[in-house]
Amino acid sequence: MSTPQHHSDDNVIPLTAPSNDLAAEQAVLGAVMLDAGVLPEIEAELGEDTKVFYRPAHETIWRAVRDLAIAGIQPDPIVLADALNKSGDLARVGGASYLHSCVQAVPTTGNGSYYARIVRERAEERRLAELGTHLVQAGRGADGNRTQLLAAARGVLDSAVDEQWPAPTPLGMQEPLPTFPVDALPAWIGEQVAAVAEFTQTPPDMAATMALAALSTAAGGRVHVQIRDGWTEQTNLYLVVAMPPASRKSDVFATMTRPIYDIETALQEEARSSIIEAEVAKEAAEARAEAIMTKARKVDDVRSTPTLVADATTFRMEAEAIVVPPKPRLTASGDVTPETLTKLLSTHGRLGVLSPEGDLFDIIAGRYSSRPNLGVFLQGHKGERLQAERITRDADLGEKPALTIGITLQPPVLMDLAQTPGARGRGLLARFLFSLPASTLGYRKIVVPPVPEKTARAYASRLTTLVHTLTDLPEPVTIKCSGPADQAVIKLQEDIEPKLRPDGPLAHIDDWAGKYVGAVARIAGLLHLGDHVNGRWGQPIEAATIERAIAIGEYYTAHALAAFDLMSTEPAVDDARAILDWLTRTGIRVFKARDVVAAIRRFKTVASVTPALSLLEEQGHLRPTRGERNGSRGRQPATAYHVHPSLYAVGKGAEPY
């Protein structure tokens, strides 16, 4: 076989990615959302063909924008999101947050027609490029036969206008999320986070979030942060990291939280003798009281009975006065029930529920009861008095319980929690800081250095010092913000407030964003404690610490937007991903719905496949061909779906049927 020769030709234009300008497309949509008055000139520039948009989602948004504007309704992001939600298209186009992104992409509405011209020109360039590609492919398949080549070329020219097939829109498409700002952490924590991330070949986000969970477990309930008079926050956090399987969640979780469990074991061992001593003293006093009462029951002398009763009473009161201290607890497992958690919190005042799995969310959703039990999780975050009707009457309910949650789980568990009645409406989801790191699976190094012993020892010892220092406090303490720190918080409030308006970028997660500044203050308190483990942690929090907390808060804001979009995603998206995976693996080019049912077990009927196929069609992955009846009788032939070439190009090249 001869080796193909590569020739240089100045007249040959190299093939590149399809011409597009997504920023211009966003600006066109955003301009009309801001001012419907620019619609006529934009529409005139684009023409009647909506296929000018490179992203199919933009085409869907454009139709909705135009329909609202024509109806005399200003299609602002809130109104447009409502219309798309009613039509079932909101999640498919990227969620409400993406509509706000389009608005933010508009420098000025006055240039609307110019943006539209860019969009139209890019569409024309794509058509020309596709036409050229078709001609090249036709020429290669003609085997030098001029007649066949001309016929193929004419066929391509005849179908060039109505056979355009732009690149499909990826399901769940979103901008890359930011990486956790490790530099904002205290140095001894940041070094541990970086070392663990390198050793496990995982994003630093996971180790950093679990480090904050460890700090929160150490400080929650013992230290409060006073931003200004009348406004005090606790320092406990609810944190969740969502990553797909095989992301080494358990390894990172174990490494970052192990010191907390070691400290808990040490505290229990230290308290063991005093607990036993109190138990023995109490049992002895109760035994003496019971012995005297036994004697009193047998004595016939009425004159001796009062003396015996008095002695028994004395010993009984002595027994009741002896308090057996509870076994020290810092943590609870992820499968703790709400009732047990309530009792533990009422006993210990603070607790960290730490788990590398999502069992806790199953329990919140009502695994052990007929309905979800959210009370202790709502009260434990804010520090509100526990409502505990099922625990013993003698339990000390504590006025300000502090619950920490640090969980790593898989994204579907997060989506299940979102479906729990009351989880969003009662504010549970608004209390969580979400982290959705990108998976490193497939890009990990094989040979990596272990976590340096010095780094791991410093992390464990300083966390131990912090726990012991705060545990030994006779009562919780409050750390105040300095004047400049308070000013930094005020500036943050002024920046956030407009974003909560109906047309603001945080409007659709205003329940979460409404707690954002408080969360930043809590993070600042933890950073302050981490900076001053060995002393001076009682001094005011500085403005620089608030700024570092804001950097971390901005990270969690971006991830919260993605998390809430994920939790609002309709089930059809998961089904569509399963179909895409099947098509990519097999290389099938044409199929029918019944083929999907036969190949993928999650589908039981053709009807169950329809929503996912409709979504894939709208996103540009599939193109249906509906057959015609032969005669007036018989059933309508099943629809055949043609697969976008980009999918079967990476598949196994299976033959179409």
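Values reported hereafter were calculated over all heavy atoms of this structure, with side chains retained and with hydrogens, waters and symmetry mates removed.
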Exercise. Do R350 and T471 have a side chain donor and acceptor closer than 3.5 Å?
Worked result: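 There is such a pair (donor and acceptor under 3.5 Å, judged by atom type) between the side chains of R350 and T471.
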
Problem set entry | Y98-H58 side chain donor-acceptor pair, cut-off 3.5 Å |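 The answer is yes; a qualifying pair exists.
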
Are any of the side-chain heavy atoms of [X] and [Y] separated by less than 4.5 Å?
X	Y	value
F434	L414	yes
L529	I479	yes
L613	F591	yes
P411	L436	no
T257	T331	no
T408	M243	no
L527	I523	yes
L622	L583	yes

Under the salt bridge (Lys or Arg N to Asp or Glu O under 4.0 Å) test, residues paired with [X] that sit two or more places apart:
X	result
K499	D495
R222	none
D510	none
R329	E264

Judged by atom type as modelled, is there a donor-acceptor pair below 3.5 Å linking the side chain of [X] to the main-chain atoms of [Y]?
X	Y	result
N20	R55	no
Y459	V193	no
H559	P178	yes
N236	L403	yes
T545	H528	no

For residues 438-450, please give each side-chain donor-acceptor pair under 3.5 Å, one per line with the distance, not counting sequence neighbours.
| unit_1 | atom_1 | unit_2 | atom_2 | d |
| --- | --- | --- | --- | --- |
| S439 | OG | L441 | N | 3.1 |
| T440 | OG1 | Q201 | O | 2.7 |
| R444 | NH1 | A246 | O | 3.3 |

Problem set entry | Candidate pair S250 and E357, rule side-chain contact (heavy atoms from CB on, under 4.5 Å), full reasoning | CA-CA 8 Å; S250 297; E357 303 294 341; 4.0 Å; yes

Determine the minimum heavy-atom distance between [X] and [Y], stating which atoms define it.
X	Y	value
A612	D575	CB-CB, 3.6 Å
I541	G525	CD1-CA, 4.1 Å
P338	F377	CG-CE1, 4.2 Å
K249	P244	NZ-O, 3.1 Å
A423	L374	N-CD1, 4.0 Å
V353	G334	CG1-CA, 4.1 Å

Exercise. Listed by chain and number, what are the ring-ring contact (aromatic ring centres under 6.0 Å, His included) partners of Y238, not counting sequence neighbours?
Worked result: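 With neighbours one apart ignored, the set is H381, F432.
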
Exercise. H468: what forms a ring-ring contact (aromatic ring centres under 6.0 Å, His included) with it, not counting sequence neighbours?
Worked result: none

So, taking the atom named [atom1] in [X] and the one named [atom2] in [Y], what distance separates them when rounded to the nearest 0.5 Å?
X	Y	atom1	atom2	value
S435	L177	OG	CG	9.0 Å
S19	R122	OG	CZ	5.0 Å
I509	T557	CD1	OG1	7.0 Å
C102	L22	SG	CG	10.0 Å
Y641	I588	OH	CD1	15.0 Å
T584	R577	OG1	CZ	13.0 Å

For this session: Name all pairs fulfilling the salt bridge (charged side-chain N to carboxylate O under 4.0 Å, His left out) condition that reach into residues 178-190, sequence neighbours left out, sorted by first residue then second.
Result: none

List for me each residue that meets side chain to side chain donor-acceptor pair (under 3.5 Å) alongside [X], sequence neighbours excluded, and say none if there are none.
X	answer
S97	D565
D251	none
R548	D531

Exercise. Can you list the steps and then say if Y516 with E554 is a side-chain contact (heavy atoms from CB on, under 4.5 Å)?
Worked result: CA-CA 9 Å; Y516 170 71; E554 290 174 346; 4.0 Å; yes

Show me the side-chain donor-acceptor pairs of residues 202-221 shorter than 3.5 Å, one per line, residues at least two apart or across chains.
| unit_1 | atom_1 | unit_2 | atom_2 | d |
| --- | --- | --- | --- | --- |
| T202 | OG1 | T200 | OG1 | 2.7 |
| D205 | OD2 | F180 | N | 3.3 |
| D205 | OD2 | Y555 | OH | 2.6 |
| T209 | OG1 | D205 | O | 2.9 |
| T209 | OG1 | Y556 | OH | 3.0 |
| S216 | OG | L237 | N | 2.9 |
| S216 | OG | T404 | OG1 | 2.5 |
| T217 | OG1 | A213 | O | 2.8 |

Exercise. Around atom CD of E198, are there more than 12 heavy atoms of other residues, nucleotides or ligands at under 6.0 Å?
Worked result: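 Atom CD in E198 is packed in, count exceeds 12.
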
Exercise. With ring centroids as reference points, do F603 and W582 lie under 6.0 angstrom apart?
Worked result: no

For this session: Show your working on side-chain contact (heavy atoms from CB on, under 4.5 Å) between L84 and L99 and close with a plain yes or no.
Result: CA-CA 10 Å; L84 289 169; L99 302 182; 4.1 Å; yes

Exercise. Hey, mind stepping through F564 and H508 against side-chain contact (heavy atoms from CB on, under 4.5 Å) and telling me if it holds?
Worked result: CA-CA 9 Å; F564 278 96; H508 62 297; 5.7 Å; no

